[in-house]
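The structure appears right after this line, and notes come after that.
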Amino acid sequence: MPALDLTNHRFGRLVALYPTERRRHKSVIWHCQCDCGNIAEATVEELHKGDTRSCGCLRRETEQANLRKIYDDQRINNVNVSLITAKKRKDNKTGIKGVCYRQKINKYAAYIGVNGKQIQLGQFKNIDDAIKVRKVAEEKYYKPLLNRKKK
Ligand SMILES: [Zn+2]
């Protein structure tokens, strides 16, 4: 592969600064400056293909935005009206995110999804307790993720 000069070329948020001596898959690794201020390294191939368009901040921001949306959706769902209808329902859908009814044991189970994993928060006779525990878990697991970006 010819040594392509990418100096000052922009690829998404990255601006190629200078090539390093290193190669990956026979492609020259370039030292790049990301718009966010971070330094990133990407090969000529990655930059041209558009595989690498930021230091990683772009993906983090997208994930953060998705997380925020989930969090907001849950806020809207957690209105008291849904509590009343939830109690009437016999199936495991309580209408409240993170709380389901276990008919076998006649209890409400609370859980929360974090990073694709489901964390069990316990089982409760009273649905309100399950909701309370779930809310606390939301504060614990979701809030730090949302605030992580701010330094
Ligand atoms: Zn960045």
Side-chain angles (χ1 to χ4, degrees), residues 1-83 85-86 89 91-102 108-124 127-151:
M1 189 185 250
L4 296 165
D5 186 16
L6 303 180
T7 312
N8 291 328
H9 276 248
R10 176 170 282 278
F11 302 91
R13 291 190 177 182
L14 297 177
V15 174
L17 296 180
Y18 55 85
T20 67
E21 294 297 312
R22 285 170 294 132
R23 306 275 188 282
R24 190 159 60 218
H25 305 301
K26 291 181 184 168
S27 195
V28 179
I29 295 173
W30 274 71
H31 203 79
C32 305
Q33 169 81 55
C34 185
D35 284 349
C36 73
N38 283 337
I39 292 296
E41 286 186 340
T43 64
V44 173
E45 205 184 335
E46 285 166 347
L47 290 170
H48 274 303
K49 274 189 185 168
D51 290 348
T52 308
R53 305 188 67 78
S54 79
C55 68
C57 59
L58 201 63
R59 204 183 61 207
R60 273 199 302 276
E61 278 170 29
T62 313
E63 281 171 2
Q64 208 117 100
N66 289 342
L67 204 60
R68 192 176 294 275
K69 194 181 172 303
I70 293 167
Y71 193 72
D72 287 347
D73 285 350
Q74 276 162 355
R75 284 262 148 128
I76 296 157
N77 286 341
N78 286 339
V79 286
N80 286 331
V81 181
S82 69
L83 284 180
T85 49
R89 292 171 72 163
D91 61 9
N92 65 349
K93 285 170 194 155
T94 57
I96 293 141
K97 240 185 183 155
V99 178
C100 72
Y101 178 62
R102 299 261 158 86
Y108 292 97
Y111 57 91
I112 191 164
V114 180
N115 295 331
K117 269 195 288 182
Q118 199 178 87
I119 297 168
Q120 299 299 325
L121 303 171
Q123 293 163 340
F124 308 89
I127 190 171
D128 293 324
D129 290 335
I131 293 164
K132 229 178 275 170
V133 167
R134 159 78 195 196
K135 281 240 178 205
V136 170
E138 273 178 29
E139 298 285 316
K140 185 181 160 193
Y141 290 108
Y142 289 163
K143 276 240 174 116
L145 291 173
L146 292 173
N147 294 334
R148 197 171 51 183
K149 193 87 213 280
K150 293 168 200 159
K151 276 177 190 168

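Whatever order the structure lists them in is the order used to number ligands and atoms, beginning at 1. Residue numbers count from 1 along this sequence. Just so you know, these numbers come straight off a predicted model, no measurement behind them. All values below come from the heavy atoms of this structure, side chains included, with hydrogens, waters and symmetry mates left out.
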Taking every non-hydrogen atom, the tightest pair across V99 and Y111: N-CE2, 4.1 Å
Identified side chain to side chain contact (heavy atoms under 4.5 Å, CB included) counterpart of I112 within the set K97, Q118, E138: E138
By side-chain contact (heavy atoms from CB on, under 4.5 Å) - contacts of F124 (at least two apart): A110, D129, A130, V133
Proximal protein heteroatoms (N, O or S) of the Zn ion (ligand 1), under 2.8 Å: C34 SG, C36 SG, C55 SG, C57 SG
Considering all heavy atoms, the nearest G113-R134 contact: N-NH1, 4.4 Å
Of V44, V28, T43, the residue whose pairing with R23 passes side chain to side chain contact (heavy atoms under 4.5 Å, CB included): V28
Any donor-acceptor pair under 3.5 Å from R24 side chain to K26 backbone: no
